[in-house]
Amino acid sequence: MSQVATRMTFPRHLAEVLDRFRIRPDTKATLYDFYLQYGADALDSFSSLSEDFDAASQITPEDLAGLRTRMVEAYLRKNHELWLQGKPTPSLYAPRAAEGRASGLVMPLGNLDVLPDEGSLLSEIKRSIDSILAPGQVAPSGLVLFSKNAHFGGRAETISFDVVSSDLDDALLVAGAEGRQHTVPGSIGETSGTLDAAEKLALIWEIQPNVLKPFGERNQTIAKIHRRNRNWHLLTLAAAIRWLQARGIDILILNGSALTATHEVNPHQPVPEAVIVLHDRTVETVAAGLGNELVAVSTDDQERLIGTELMNTGLRKLVSERGARHAMRRLRYERRIE
């Protein structure tokens, strides 16, 4: 007799519904992966999809390919207006540890298309981006969003900062464009990291586009939107730094040379050298524009870092072999806002 116990994937009440409709086992297994990644929204979209079939038992795993597209559109139509009103919402991506039972959080920091209140975090972010941009450069517009435990992959303790058009139709176009789409739907690009609130230490390990730059026939429907927000990388990193500094959090930022160890999962798709160069240039431009200094990681910094879960497996291995100084720098700043 096998010692491997059969375990129910879905919570009992959900599994019973799926069994009642005789959902195929392989379809159920694929749907469970969606459930882990997106939570209850995956089941709502599956229910909508099933209306296209004579019987839910006919649905195959291949039929679920368009499930994310349905979820993204429904998610934006439901939540975009709430962001405009400054109200927080659940995230699209869910923390994997919650096993589909809970979502992360998306919190609007404000709308750059509206004059921000003096003294607000958004006004500080706007001043920051204005000080960073070279003459003639265009400042991004739209909603600045902060997310917690809402990154693709469901890793715990993630934080992300995105810029999303304040126009729903534009946000929907971006959400449907070709790209990685790792954070909030409708986001041109994001800055992400992990935060240990108890240790008051954060690690920024990603400044990444959510959509590919329009080229040839690719993503031409968002060409104007992308051009208007081509400095998303400067804005999202500045927003991340200001948000963390306002909370007295010490900030570590990944070096471009460590991107491969941290992010490369397919050796046949290596991190391009141009991405490494742009990452370092962005970090250095924003740090200088904010009046901060990038300094070498100290022994104390490394000891604090190793005692946290801020690093993924690849980065932790690199740090254990070559030290944190090789992989990252610390952002030094004088003033903290408690």
With sequence neighbours left out, write down each residue that passes side chain to side chain donor-acceptor pair (under 3.5 Å) with R228, or none if nothing qualifies.
D170

With sequence neighbours excluded, tell me which residues meet side chain to side chain donor-acceptor pair (under 3.5 Å) with Q181.
none

When you compare the side chains of [X] and [Y], does any donor N or O come within less than 3.5 Å of an acceptor on the partner?
{"X": "Q208", "Y": "H182", "value": "yes"}
{"X": "S160", "Y": "S147", "value": "no"}
{"X": "D33", "Y": "T30", "value": "no"}
{"X": "D63", "Y": "T60", "value": "yes"}
{"X": "N312", "Y": "R155", "value": "no"}
{"X": "S48", "Y": "R70", "value": "yes"}
{"X": "H151", "Y": "E206", "value": "yes"}
{"X": "T89", "Y": "W83", "value": "yes"}

Can you confirm whether E309 is buried at CD, in the sense that more than 12 heavy atoms of other residues, nucleotides or ligands lie under 6.0 Å from that atom?
no

Are there more than 12 heavy atoms of other residues, nucleotides or ligands under 6.0 Å from atom CZ of R322?
no

Are [Y] and [X] connected in a single hydrophobic cluster, I mean Ile/Leu/Val/Met/Phe/Trp/Tyr linked by side-chain heavy atoms less than 4.5 Å apart?
{"X": "F146", "Y": "L310", "answer": "no"}
{"X": "F53", "Y": "L18", "answer": "yes"}
{"X": "L235", "Y": "L244", "answer": "yes"}
{"X": "I204", "Y": "L121", "answer": "yes"}
{"X": "I241", "Y": "L254", "answer": "no"}

Can you tell whether the side chains of E178 and R218 come within less than 4.0 Å, N to carboxylate O?
no

With sequence neighbours excluded, residues passing salt bridge (Lys or Arg N to Asp or Glu O under 4.0 Å) with D196
none

Pair E293, R330 - check salt bridge (charged side-chain N to carboxylate O under 4.0 Å, His left out), show working.
CA-CA 8 Å; E293 183 181 4; R330 180 165 61 85; over 6 Å; no

For the residue pair F10 and Y32, does the interplanar ring angle fall in the parallel (under 30°), tilted (30 to 60°) or perpendicular (over 60°) class?
perpendicular

Stepwise, does the salt bridge (charged side-chain N to carboxylate O under 4.0 Å, His left out) test hold for E157 with K148?
CA-CA 7 Å; E157 303 309 318; K148 175 72 171 172; 3.0 Å; yes

For the atom pair CD1 (I253) and CD1 (I207), what is the distance rounded to the nearest 0.5 Å?
7.0 Å

How many angstroms lie between OG in S166 and CG in L143, if you round to the nearest 0.5 Å?
6.0 Å

From [options], residue fulfilling side chain to side chain contact (heavy atoms under 4.5 Å, CB included) relative to [X]:
{"X": "Q137", "options": "I129, I132, N231", "result": "N231"}
{"X": "L145", "options": "T236, T183, L109, V106", "result": "V106"}
{"X": "E284", "options": "V286, T282, D280", "result": "D280"}

Pair S192, W205 - check side-chain hydrogen bond (donor to acceptor under 3.5 Å, both in side chains), show working.
CA-CA 6 Å; S192 294; W205 37 252; over 6 Å; no

For W243, is the NZ or CZ atom of R247 found under 6.0 angstrom from the centre of its six-membered ring and inside 45 degrees of the ring axis?
yes

